[in-house]
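A note on names: the letters A, B, ... follow the listed sequences, proteins ahead of strands, and every chain is numbered from 1. The structure presented is a predicted model; accordingly, all values stated were derived computationally and were not measured.
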Amino acid sequence: MIATELIVATLLEVLFVGGFMLLYPRIARRGLLFGVYVGESASDSPQARALRRGWDLGVLACVLASLATAYLVYRLAPPPAFAATPLFVLLLGGVVVYLWAYHRAHGLKQPGPPPLAVAPLALSPPSSPWLAVVTVAVGLVGGVVALAYTWRHYHALPALVPVHFGFSGAPDGWKPKTFASVMLLPLMTLVMGVGLGGLVYLVAHAKRGLRYPDDGRSLAAQLRFRSAVAVLLAGAALLVTVLLTFLSVFSVRIGLGLASKLSPVVPIAGGLLTVWALVGTLVIAVRFGQGGARLEQPAGAPLTNGLADNRHWILGVFYVNRDDPSLLVERRFGLGYTVNFGNPRAVALLVLFFGALLGLAIAALLS
Amino acid sequence: MGPLDRWLRWLYTIQCTMTEMTSPAMLLVDRSGATAVYEQIADGLRRRIATGELAPGAPLPPVRTLASDLGVNLNTVARAYRLLEEEGFVRIHDREGVEVAAPAEAGAAQRARLRTQFATLLACMRQAGFTADEVRRACESEFGARAGASGGGAGGGS
């Protein structure tokens with residue numbers, strides 16, 4: 001039963017990720033082609049259209065290869081062993097096809113001086129500080145509650161503690177009680193809740209990629225896109241906090257014999273989180289487009305610095321500008337924001353967040 | 001249009017209404033030009049303040065926001081703001097940020113310095129082949145722009 005559910009989940013995952021990869025070139029800002037700024041007119045040229053068709057075929061080939069891998073892997077070894085292999089094949093193939101498209105797009109690049117830098121002089125609408133504050137506060141409260149509850153009952157826990165749960169909510173995996181195996185979940189709750197809350201704040205203050213002259217249309221589109229991404233992230237962060245807090249508390253309660261299975265809040269929060277993340281991402285992609293691309297139509301005016309300056313982008317994916325104080329900038333290809341790798345503060349935050357998650361994962365493996 | 005989209009649009013409309021954000025004036029920086037970036041920023045702001053496009057008391061973007069939008073160093077924007085403060089175009093407050101300063105009666109020393117600068121500029125223009133009529137028209141155009149801006153409100157991004 002679990003094997004069947006895993007196979008269905010993997011197939012849905014592959015189809016969803018593949019579908020998004022097909023969507024990416026269609027939601028990009030006009031003028032950008034596979035991570036390269038080629039200019040507004042060149043991005044609509046027959047060569048650009050041919051390149052997009054090549055991308056579609058490449059992605060479809062990757063999806064088929066991924067499904068074939070799934071078939072082979074599941075025939076040879078039943079899940080959950082190698083359950084992530086099909087997705088890995090799809091993502092690896094996607095990287096190869098992207099690099100091909102990126103290098104072809106470079107050939108369409110127009111030579112010329114550095115693009116204009118543009119900034120609005122009027123103060124922009126306030127970027128919902130309460131959203132980030134509430135998200136961080138909830139993450140903090142959830143993390144502290146989970147830590148305090150687990151710490152309080154640590155000595156009363158038996159020698160074996162539950163660390164894995166089946167679809168029914170009953171534990172199906174146990175480990176010897178160690179500090180790491182017990183405290184892992186509450187620490188994860190704190191790191192994820194506060195980290196995602198902090199990300200909401202950074203997104204709400206991310207760099208704006210504007211066009212000029214366009215009567216402020218791209219600015220308005222940018223602000224709406226930024227708000228939508230912040231709302232999506234805030235919702236996801238709140239659901240992650242609820243999910244992990246209940247998971248932490250009920251792991252302890254099951255270990256103590258006070259409960260036989262997880263609270264129904266856990267699957268409900270997990271289901272809501274999945275639906276919120278998938279539907280929200282899809283709505284933002286289709287309705288708003290990357291960076292508000294679909295709201296700024298007709299986007300005839302050229303893009304300005306940041307997004308338009310090819311000198312600051314490595315492989316069209318990594319933005320490196322030492323002068324720019326921005327922490328997050330709009331991605332050229334894909335959906336959402338990326339880090340300014342030229343800003344030491346941005347890199348430090350990235351390393352801190354992922355370092356904490358990696359440290360917890362290693363602690364879990366070693367415990 | 002989905003409920004999320006309607007909600008976001010409603011939220012954004014409220015925000016725009018509260019802050020009276022229409023088509024904002026834009027500041028341009030041309031990095032291929034010979035002029036230093038901080039001078040371009042200062043000049044762009046100076047012209048908009050002088051023509052009345054940015055009214056006295058109007059708040060200007062914080063240093064970090066302006067530097068982020070332009071993709072330039074924080075010090076570059078801070079230097080431009082300091083220069084404008086010295087010239088009396090803006091006031092810098094530690095907490096409230098930067099705002100456009102009201103025109104003030106210049107002292108005798110400052111008047112003399114500006115006259116010297118104006119004379120130097122006139123000499124350069126004469127050397128570059130400008131006629132007296134062309135210089136007069138340029139002056140009238142600048143003062144006319146200010147009168148138009150203060151009479152008809154701030155213009156769009158230019």
Applying a strict 4.5 Å limit to non-hydrogen atoms, the region of B:Ile41 in contact with chain A is neither
Listing request: all salt bridge (charged side-chain N to carboxylate O under 4.0 Å, His left out) pairs with a residue in residues 300-316 of chain A, at least two apart in sequence or in separate chains. A:Asp309-A:Arg311
Shorter than 4.5 Å, heavy atoms on both sides: which option in A:Pro113, A:Ala119, A:Pro114 has the most such pairs with chain B? A:Ala119
Please indicate whether A:Tyr201 has more than 12 foreign heavy atoms, meaning atoms of other residues, nucleotides or ligands, lying under 6.0 Å from its OH. no
Applying a criterion of heavy atom separation less than 4.5 Å, what residues of residues 321-332 of chain A form contacts with chain B? A:Asn321, A:Asp323, A:Asp324, A:Pro325, A:Ser326
So, applying side chain to side chain contact (heavy atoms under 4.5 Å, CB included) with B:Thr65, which one of A:Lys207, A:His205, A:Arg208 is it? A:Arg208
Would you please go through residues 68-79 of chain B and name the residues with a non-hydrogen atom below 4.5 Å from one of chain A, in numerical order? B:Ser68, B:Asp69, B:Leu70, B:Gly71, B:Val72, B:Asn73, B:Leu74
Identify, with sequence neighbours excluded, every residue that meets salt bridge (charged side-chain N to carboxylate O under 4.0 Å, His left out) alongside B:Arg136. B:Asp133
If you count heavy atoms of other groups shown closer than 6.0 angstrom to CZ of A:Phe16, is the number above 12? yes
More than 12 heavy atoms of other residues, nucleotides or ligands under 6.0 Å from CD of B:Gln127: is that the case? no
Quick one: are A:Leu121 and B:Leu45 in side-chain contact, heavy atoms under 4.5 Å? yes
